[in-house]
Each structure stands twice: as structure tokens, then as C-alpha cells.
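The structure appears below as C-alpha cells.
When reading the values below, keep in mind they use all heavy atoms of this one structure, side chains included, and skip hydrogens, waters and symmetry mates. Nothing fancy with the numbering, it's 1 onward along the sequence.
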Amino acid sequence: MASNRISPEEVNARVLAGEPMVFVDARNPKAWAESNRKIPGAVRAPANDVASHVKEIDKNATIIAYCDCPNAEASLETAQALKAAGYRRVFALRGGFDAWAAAGYPMEEKAKAA
């Protein structure tokens, strides 16, 4: 099942228009650990562990999964898992975290590990 991809520009336009969005950070553990930033409000849900995070993700929102893989493998895998769990509006962010950051869209500091 192919997942829809969506551009950072379209996502940002939808956010600015007030569309309810939930970002899902599907970066691999190494990329997650090495970064000190994330997209604001993003729920951390690695591609191989989406099921244990579904309670944190609003089923009525538009879901944007992102990673930093060259071909968005993790975000596509995460999007497919969410669709299988009953989410309807799920997209993989084209270009992922790096494209979002390069466009200058909002970022926030990750919470420090306890």
C-alpha cells in the first residue's frame, strides 16, 4: 500500500491555515539521539514501534510522519502502520526533517533525557 507524500510547503500552508496536524518523528534511534531539534509538538514514534505510540496520536488530525532517510523509508513505514491502525489522513513528509529544516519552518528543542 503506497502512502501519500506531502511537501513541506503544503504542510506549512495547512498548519498556517489552522488544520489540526500531528507530526510523528520516525527518525532512527541514532538520528534521533544526534539531533537536538524536532518539528514542534512531534510525537516520537520509531517506525518499528508505532503501535506503542498510537494513544498519543489524535485520530482526527492530519498525520505527518517524517524521518531523515534518503527515500523516506521510515516515514513511509510509519505512515503505513498508522493507516493499518485506522488513521485516515496520513502522509509522509517529502524530503523529511532535513527539507523542513532547510525551508526554515518552525523547529523546537527536544526535551533533554532524564
- Spacing of CG belonging to N48 relative to OG1 belonging to T78, to within rounding of 0.5 Å: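 So the CG of N48 and the OG1 of T78 are separated by 8.5 Å.
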N/O donor-acceptor pairs under 3.5 Å from side chains in residues 89-100, not counting sequence neighbours:
unit_1: R89; atom_1: NE; unit_2: T62; atom_2: OG1; d: 3.2
unit_1: R89; atom_1: NH2; unit_2: N60; atom_2: O; d: 2.4
unit_1: W100; atom_1: NE1; unit_2: P106; atom_2: O; d: 2.7

- For A74, which residues count as a side-chain contact (heavy atoms from CB on, under 4.5 Å) partner, sequence neighbours excluded?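 A74 satisfies side-chain contact (heavy atoms from CB on, under 4.5 Å) with A26, A47, C67, C69 once adjacent residues are dropped.
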- Residues in side-chain contact (heavy atoms from CB on, under 4.5 Å) contact with V15, at least two apart in sequence or another chain: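 Expected list: V11, M21, F23.
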- Mind checking what makes side-chain hydrogen bond (donor to acceptor under 3.5 Å, both in side chains) contact with K55, not counting sequence neighbours? none
- Message: Walk me through whether Y66 and V24 qualify under side chain to side chain contact (heavy atoms under 4.5 Å, CB included).
- Response: CA-CA 6 Å; Y66 68 89; V24 176; over 6 Å; no
- Item | Under the salt bridge (charged side-chain N to carboxylate O under 4.0 Å, His left out) test, residues paired with E10 that sit two or more places apart | R14
- Task: Applying salt bridge (charged side-chain N to carboxylate O under 4.0 Å, His left out), name anything that partners E9, two or more places apart in sequence or on another chain.
- Result: none
- Query: Under the salt bridge (Lys or Arg N to Asp or Glu O under 4.0 Å) rule, what pairs show up with a residue in residues 60-79, not counting sequence neighbours?
  - Reply: none
- Query: Is there any salt bridge (Lys or Arg N to Asp or Glu O under 4.0 Å) pair reaching into residues 30-50, and which pairs are they, with sequence neighbours excluded?
  - Reply: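 Qualifying pairs, neighbours excluded: D25-R44, K30-E34, K38-E108.
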- Any idea which heavy atoms bring V54 and L82 closest together, and the distance? CG1-CD2, 4.1 Å
- Under the side chain to side chain contact (heavy atoms under 4.5 Å, CB included) rule, what do I64 and V22 come out as? Steps first, then yes or no, please. CA-CA 6 Å; I64 308 297; V22 174; over 6 Å; no
- Message: Applying ring pair (Phe, Tyr, Trp, His ring centres under 6.0 Å) as the test, list every pair that has at least one member in residues 69-88; sequence neighbours left out.
- Response: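 Counting only pairs at least two positions apart or across chains, no ring pair (Phe, Tyr, Trp, His ring centres under 6.0 Å) contact touches residues 69-88.
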